[in-house]
Engineer: 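This structure is in structure tokens; I'll ask about it shortly.
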Amino acid sequence: MFLELSGLKKSFSGHEVIHDVSLSVQRGEIVCLLGASGCGKTTTLRLVGGFLVPDAGSVTLDGTDVTRMPPEVRPTSTVFQSYALFPHLTVAGNVAYGLRQAGVGRAEAEERARQMLDAVGLEDQADAGVADISGGQRQRVALARSLVLGPKVLLLDEPFSNLDANLRLRMRREVRDIQRRFGVTMLFVTHDREEAMAFGDRIAVMHEGRLVQVGTPREVYRHPADLYCARFLGHVNELDLPGGHALFRAEDVVVGREGGLAATVEESVFLGGTCELRLLVDAPGSPEILARVPGDQQYARGARVPLDIARTFQIKGKESTND
Ligand SMILES: Nc1ncnc2c1ncn2[C@@H]1O[C@H](COP(=O)(O)OP(=O)(O)OP(=O)(O)O)[C@@H](O)[C@H]1O
């Protein structure tokens, strides 16, 4: 495997925060480390980038054990959440900086910096100060600065978290394009499930210092390893049906289709393309479920609706039906 994390452990002040993390990443693949705040994503990324040394385990990259190799000589490059650009340098100066540090001559460093700025669509901003460009442009400078070094693995720590929603979407697309063009392998940290699903070839779900599931976005969404993963990836409805206890997603509820169930609409939230309905099901205890229906399907509060459950999913140790 191109990048191999094997049995990584890390403690701070005697408290272990990374417990036996192993992960294999293929060349050219994007793997998203997804998990709640404090679960150990950044620490894992820092172990791969060489900013931390593990207490146990190893990191192997393209056949070389890099576990104890310092970050500046490791064939990885990190894009930090803060971008960490040099405010006193121009855009091109920021991109050329790492090359100069690596011993590349001034003229060649400038040339390569300009080519990379071209690749990320910033050729017109090469001579601007980094304080004079937008957040999205700064993000691209940070990427260009990392990519120009030709890393074998690019490590990204919540790189879009300082951008507004529209820009996040655009940057996601742009970074995926850049990734395809350069074929660079990426390990991407995020706590945003949609971002992980949109961006990752595979998602590694992390919980309290452990990897609980690694799979394609579809696998982790439709076949979660446990209830934690299921809930982290999206809403989970639970209902006791005649066949047993069923787990299903909001979009699995077909509102208005006869399926042996009925409910009362408690709340309807219009979200544009879709509408989220909070429903009280006619069953012992009046369980509440969430349904996601097309946005043009309108229901008043208190409306009575028939329901069908199109599909359910199973989790180890939990009984389910119909899947
Ligand atoms: N240098 C450090 N010294 C002591 N504890 C640390 C250090 N770095 C991280 N931790 C602790 O390790 C745990 C994991 O932190 P980490 O930053 O890896 O989580 P995270 O999943 O990246 O969270 P976030 O999304 O909030 O950045 C947390 O409990 C954190 O407080």
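Positions are given from 1, in the same order as the sequence printed here. When a ligand or atom number is given, it counts from 1 through the structure's own listing order.
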Engineer: Apply salt bridge (charged side-chain N to carboxylate O under 4.0 Å, His left out) to the pair D282 and R304, showing each step before the final yes or no.
Structural biologist: CA-CA 10 Å; D282 294 355; R304 301 276 305 149; 2.5 Å; yes

Engineer: Take D157 and K41, measure what salt bridge (charged side-chain N to carboxylate O under 4.0 Å, His left out) needs, and give me the verdict at the end.
Structural biologist: CA-CA 9 Å; D157 193 356; K41 305 180 295 295; over 6 Å; no

Engineer: Please report the shortest heavy-atom distance between P75 and V66, naming the atom on each side.
Structural biologist: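 Of all heavy-atom pairs spanning P75 and V66, the closest is CD-CG1, 4.4 Å.
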
Engineer: Using the rule that Ile, Leu, Val, Met, Phe, Trp and Tyr join whenever any side-chain heavy atoms are under 4.5 Å apart, tell me whether L143 and M116 fall into a single cluster.
Structural biologist: yes

Engineer: Which protein non-hydrogen atom lies closest to atom 9 (C) of ligand 1, naming both residue and atom, and how far is it?
Structural biologist: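 So the nearest neighbour among protein heavy atoms is F12 CE1, 3.5 Å.
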
Engineer: May I ask whether atom 1 (N) of ligand 1 is less than 4.0 Å from at least one protein heavy atom?
Structural biologist: yes

Engineer: Is the side chain of R249 donor-acceptor paired with the backbone N or O of H235 at a distance under 3.5 Å, no angle test?
Structural biologist: yes

Engineer: Between D118 (side chain) and E123 (backbone), is there a donor-acceptor pair under 3.5 Å?
Structural biologist: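 Looks like no, no N/O pair under 3.5 Å.
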
Engineer: Should you measure from each heavy atom of A36, which atoms of ligand 1 turn up under 4.0 Å away?
Structural biologist: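 The list of qualifying atoms is 21 (O).
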
Engineer: May I ask you to check if ligand 1 and C39 share an N or O to N or O distance below 3.5 Å?
Structural biologist: yes

Engineer: State whether a side-chain donor-acceptor pair under 3.5 Å links D65 with T67.
Structural biologist: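 Yes, because at least one side-chain N or O of D65 sits under 3.5 Å from a partner of the opposite role on T67.
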
Engineer: Taking non-hydrogen atoms only, is V17 closer than 4.0 angstrom to ligand 1 via side chain, backbone, both or neither?
Structural biologist: side chain

Engineer: Give a yes or no on whether atom 30 (C) of ligand 1 lies under 4.0 Å from any heavy atom of the protein.
Structural biologist: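 So atom 30 (C) of ligand 1 lacks protein heavy-atom neighbours under 4.0 Å.
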
Engineer: Take every heavy atom of G35, measure it against each atom of ligand 1, and state whether any distance is under 4.0 Å.
Structural biologist: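 The answer is no: ligand 1 sits nowhere under 4.0 Å from a heavy atom of G35.
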
Engineer: Can you list the atoms of ligand 1 that are under 4.0 Å from a heavy atom of G38?
Structural biologist: 13 (C), 14 (C), 19 (O), 20 (P), 21 (O), 23 (O), 24 (P), 26 (O), 28 (C)

Engineer: For T43, counting its heavy atoms only, list the atoms of ligand 1 lying under 4.0 Å from any of them.
Structural biologist: 9 (C), 14 (C), 15 (O), 16 (P), 18 (O)

Engineer: Applying salt bridge (charged side-chain N to carboxylate O under 4.0 Å, His left out), run through K9 and D55 and close with a yes or a no.
Structural biologist: CA-CA 6 Å; K9 292 186 180 178; D55 302 328; over 6 Å; no

Engineer: Where does the angle between the aromatic ring planes of F51 and F80 fall among parallel (under 30°), tilted (30 to 60°) and perpendicular (over 60°)?
Structural biologist: perpendicular

Engineer: Any idea which atoms of ligand 1 are less than 4.0 Å away from a heavy-atom of T42?
Structural biologist: 17 (O), 18 (O), 20 (P), 22 (O), 27 (O)

Engineer: Identify, for atom 19 (O) of ligand 1, the protein heavy atom at the shortest distance, and state residue, atom and that distance.
Structural biologist: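 Minimum-distance protein heavy atom for atom 19 (O) of ligand 1 reads G40 N, 3.2 Å.
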
Engineer: Who gets closest to atom 25 (O) of ligand 1 by heavy atom: K10, K41, M206, E208?
Structural biologist: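 The residue whose heavy atom sits nearest atom 25 (O) of ligand 1 is K41.
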
Engineer: So which protein heavy atom does atom 26 (O) of ligand 1 come closest to, and at what separation?
Structural biologist: S37 OG, 2.6 Å

